[in-house]
Number of protein chains: 2
Amino acid sequence: MWLRPERPPRDRRLEREQIVGVAVAILDAEGHQGLSMRRVAAELGVTAGALYWYVANKNEMLELALDAVLGEVQVPDPDMDWRQALAALAHSHRRMLLRHPWVLTDLTAQPNLGPNALALTEAGLTILAGAGFADADLDAALAAVNDHVIGAVAAELAWRATMRTAETGPGEWLEQAEGYLRRIRENHPMLARRMAATSDVDVHTESERRFAFALDCLLDGLAARLRRR
Amino acid sequence: MWLRPERPPRDRRLEREQIVGVAVAILDAEGHQGLSMRRVAAELGVTAGALYWYVANKNEMLELALDAVLGEVQVPDPDMDWRQALAALAHSHRRMLLRHPWVLTDLTAQPNLGPNALALTEAGLTILAGAGFADADLDAALAAVNDHVIGAVAAELAWRATMRTAETGPGEWLEQAEGYLRRIRENHPMLARRMAATSDVDVHTESERRFAFALDCLLDGLAARLRRR
DNA sequence: ACCTGAACACCGTTCAAGT
DNA sequence: ACCTGAACACCGTTCAAGT
């Protein structure tokens, strides 16, 4: 995908950039479900087949869309403290994923070697190398932070999805859920207590709190390893 | 989904269990791409429409499949040390996700309140409560570990996918990749060094090493918080 | 109660033919 | 060089009609 240069223009009616822009807009608004080649084409006033002039297939379009939004992640000021810099990078990464929830699905399924993805990796490596990590530990340390971002956002989105289904089927759902949840509570005492305590928290702020909590644990662990060398 | 009991049998030719079994088998073998209602039905010697007697739609079938494989995660011996127990749970979780790579996609998109999912949460909470965590920190600690598992497996699968495309397009890919990668190396010195060092490692063992590394960092951080109380 | 068969409204992708 | 139009081989879902 990233190997082949874009065709030189001549009678072009379209650009890759426009196609990707429309794709991202649709994905943001309606998720993967709403995205089809025909839909993107229609939005651009063109036939579905025309897209295949610019893009090999739908998958390639997704790869482009993915790298486009990866470009939104802000690389922190290089002369910050490494912990602050890494935390800032992680938070910016998280915010981007929450703006474009469909990205998570792609991240696991697609190889991801676009320019923005690589630039982000370079930024992370630079911060951690400056902190004192090297060799395999350098890779592992960056992976640890990135994995946390991905996992935390995945959990946050799943939580949101659950709340959404609970809200949309108001009468029926809660009514029947009552019986199911009661049985759950009986067999799962810990869960029951946590559910009671968590029932009225704001998903957004609580997710953010948990994100920062785990990130801090992780950075503590990384800092400890640095001292031990 | 989990609220409504299964219909009582009479002239049944099918069971939910069979449908889910076939679905999981297809997903394991061919991923989400290979799964269709028509395909599942054919495998069971039945028409696509028949499935809708047992299952409201494809999504519900996926919810069932997801919870089924969550049942494969082994809950550790309750009188283990909390760190060991949590690590064991995380490793078992990871192995399950690697056996069923399609699960990751579902985890982010679907609310996930099946019995096996809840039982796993209960197990994690029990371990961490035994260690001394309580209230919001208890939730955050469990989320931290779970998020790491999800994120790490996502990264591992993406890495594998990259290796696969590099291998399948042998002549053409590597040839054109050469130019792209050279440009990358010039602009991204850190990345260039890590790529050179990582080019001949085994993805599987290195992923496992990184997984254990980050998990250890995380558990160190959690243990430190426990001491501070 | 459970399943079939056919239909509806979609997909991604290909490819001759046009300009 | 770039796009259309039509076709191919699929989808998920619904629903009358059968047993």
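The figures here come from the full heavy-atom set of this structure, side chains too, leaving out hydrogens, waters and symmetry mates. Just so it is clear: chains get the letters A, B, ... in the order the sequence lines come, proteins before strands, and each one is counted from 1.
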D:dC10 - base-pair partner by Watson-Crick or wobble geometry, distances under 3.5 Å |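 Pairing partner: none.
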Partner of D:dA1 by Watson-Crick or G-U wobble geometry, both contacts under 3.5 Å, or none?
->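 In the structure as shown, D:dA1 has C:dT19 as its Watson-Crick or wobble partner.
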In whole angstrom, give me the gap between the C1' atoms of C:dC10 and D:dC8.
->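 Rounded to whole Å, the distance is 15 Å.
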Taking the same atom, P, in C:dA9 and in D:dA9, what whole-Å distance lies between them?
->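 Comparing P positions in C:dA9 and D:dA9 gives a spacing of 22 Å.
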To the nearest Å, how far apart are [X] [atom1] and [N] [atom2]?
X: A:Leu44; N: D:dC2; atom1: CG; atom2: C1'; answer: 15 Å
X: B:Leu51; N: C:dC3; atom1: CG; atom2: P; answer: 9 Å
X: B:Lys58; N: D:dC11; atom1: NZ; atom2: P; answer: 9 Å
X: B:Tyr52; N: D:dT14; atom1: OH; atom2: P; answer: 7 Å

Polar side-chain atom of B:Ser92 near backbone of B:Ala88 as donor-acceptor pair, under 3.5 Å =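 Looks like no, no N/O pair under 3.5 Å.
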Is the backbone of B:Ala87 close enough, under 3.5 Å, to the side chain of B:His91 for a donor and an acceptor to pair up by distance?
->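 Present.
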Check the pair B:Val103 / B:Val153 against side-chain contact (heavy atoms from CB on, under 4.5 Å), numbers first and verdict last.
-> CA-CA 11 Å; B:Val103 173; B:Val153 173; over 6 Å; no
Check each of A:Leu97, A:Leu157, A:Leu35, A:Leu27 against A:Trp102 using the side-chain contact (heavy atoms from CB on, under 4.5 Å) test, and report the only one that passes.
->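 Passing option: A:Leu27.
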Among A:Val73, A:Ile150, A:Val149, which residue meets the side-chain contact (heavy atoms from CB on, under 4.5 Å) test with A:Arg94?
->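 Among the candidates, only A:Val149 passes.
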Nearest-nucleotide pick for A:Val46, side chain only, options being D:dC3, C:dT14, C:dT4 =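 For A:Val46, the side-chain atoms sit closest to D:dC3.
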Phosphate OP1/OP2 of D:dC3 contacted by A:Tyr54 side-chain N/O (<4.0 Å) =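 Looking at the OP1 and OP2 atoms of D:dC3, one of them is under 4.0 Å from a side-chain N or O of A:Tyr54.
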Ignoring backbone atoms, test whether B:Trp53 places a side-chain nitrogen or oxygen under 4.0 Å from the OP1 or OP2 oxygen of C:dC3.
->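 So the side chain of B:Trp53 is outside the cut-off, no N or O lying under 4.0 Å from OP1 or OP2 of C:dC3.
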When rounded to the nearest 0.5 angstrom, what is the spacing between OG1 in A:Thr126 and CE in B:Met190?
->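 Those atoms lie 5.0 Å apart.
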Derivation of the salt bridge (Lys or Arg N to Asp or Glu O under 4.0 Å) call for B:Glu186 and B:Arg183 | CA-CA 5 Å; B:Glu186 284 163 12; B:Arg183 233 167 341 127; over 6 Å; no
Pull out every residue in residues 25-39 of chain A that has a heavy atom closer than 4.0 Å to any atom of DNA chain C, ordered by number, or say none.
->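 DNA chain C contact set from residues 25-39 of chain A: A:Leu35, A:Ser36, A:Met37, A:Arg38.
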